[in-house]
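Reading through the structure tokens given below for one structure.
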Amino acid sequence: RIQTQNKIIEGLKVQMLGLQEKIFRRKIKMKDEYGNEFPEWEFKNGGDLFYNATNKNHNSDLPILAITQDHGAIPRDSIDYQISVTDKSVESYKVVEIGDFIISLRSFQGGIEYSNYRGICSPAYIILKNKCEIEKLFYKYYFKTVDYIKLLNKKLEGIRDGKMISYAYFSEIPLPYPNLKQQIEIASVLHTFEEKIEIEIRILKGYSRQKQYLLQQMFV
DNA sequence: GCTCTGTAAAGAATTTCGGA
DNA sequence: TCCGAAATTCTTTACAGAGC
């Protein structure tokens, strides 16, 4: 049963990727509530939609965020990974607001991260804030697509450990800019799908616990 | 040994300051 | 008031340390 469940999850993940690809390459077109197709997407440069925020106005009392590829931006306390932190450097940390995007030192591998938290992070990261009205979830998914990561890598030369993607570089990359309604529509579709996967993962965890319990009973 | 995050230090840019 | 130098702030990069 656990194996079957694993397969279901894998299958859903593949579907999720396929869905993202289709949506962002505009192979499926969404329709609005009246059944009309949305207008063609516009494309804007990253610099037109986001600006580079460097806000250091904090009293070192905000939680320190770790920028991970797996979970995006999360508080350092909630992951099992201790990093050497020097107290003095915390003073120069940048403030991250809820809904900001963060270009990490590894963005050429895992895309651009989205923050659900308010906190501070190392100044080596670039904080992006939206200039005009956007559906953040839409871009959250877009920044994680394989296509976009490929775009990020396209112009990068000599990729090596710790290579930084500068804001200037980001701002030159075109981003899709469908109208707001469509952005929300797409974001909600993807979000629903993601939730579905999470539910399946929870079921899997339930199975695993059951198995452990049963095994324990057998040997008692 | 490899991958991953984050620091420290070097380098670049911007602002401040003083003298003419 | 303008120019150049010094100081400060911001950006970039090499590499350290944690965990597998």
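The model shown is predicted, which means the values in this text are computed figures rather than measured ones.
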Quick check on [N]: is either OP1 or OP2 less than 4.0 Å from any side-chain nitrogen or oxygen of [X]?
X	N	value
A:Tyr125	B:dG6	yes
A:Asn52	C:dT11	yes
A:Thr54	C:dC10	no

How long is the line joining [atom1] of [X] and [atom2] of [N], in whole Å?
X	N	atom1	atom2	value
A:Glu113	B:dG6	CD	P	11 Å
A:Ile74	B:dC4	CD1	P	15 Å
A:Lys94	C:dT9	NZ	P	15 Å
A:Tyr93	B:dA8	OH	P	9 Å
A:Ile126	C:dT12	CD1	P	6 Å

Exercise. Parallel, tilted or perpendicular: which fits the ring planes of A:Tyr139 and A:Tyr142, with parallel below 30° and perpendicular above 60°?
Worked result: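 Plane angle over 60°, so perpendicular.
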Problem set entry | Distance, nearest 0.5 Å, that separates CG of A:Asn45 from CZ of A:Phe170 |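 A:Asn45 atom CG to A:Phe170 atom CZ measures 9.5 Å (nearest 0.5 Å).
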For this session: Look up atom CD1 in A:Ile127 and atom OH in A:Tyr51, then write down how far apart they are to the nearest 0.5 Å.
Result: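 Answer for the CD1-OH pair, A:Ile127 versus A:Tyr51, is 11.0 Å.
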Exercise. Think A:Lys196 forms a cation-pi with A:Phe193, using NZ or CZ under 6.0 Å from the six-ring centre and within 45 degrees of its axis?
Worked result: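 That pair qualifies as a cation-pi contact.
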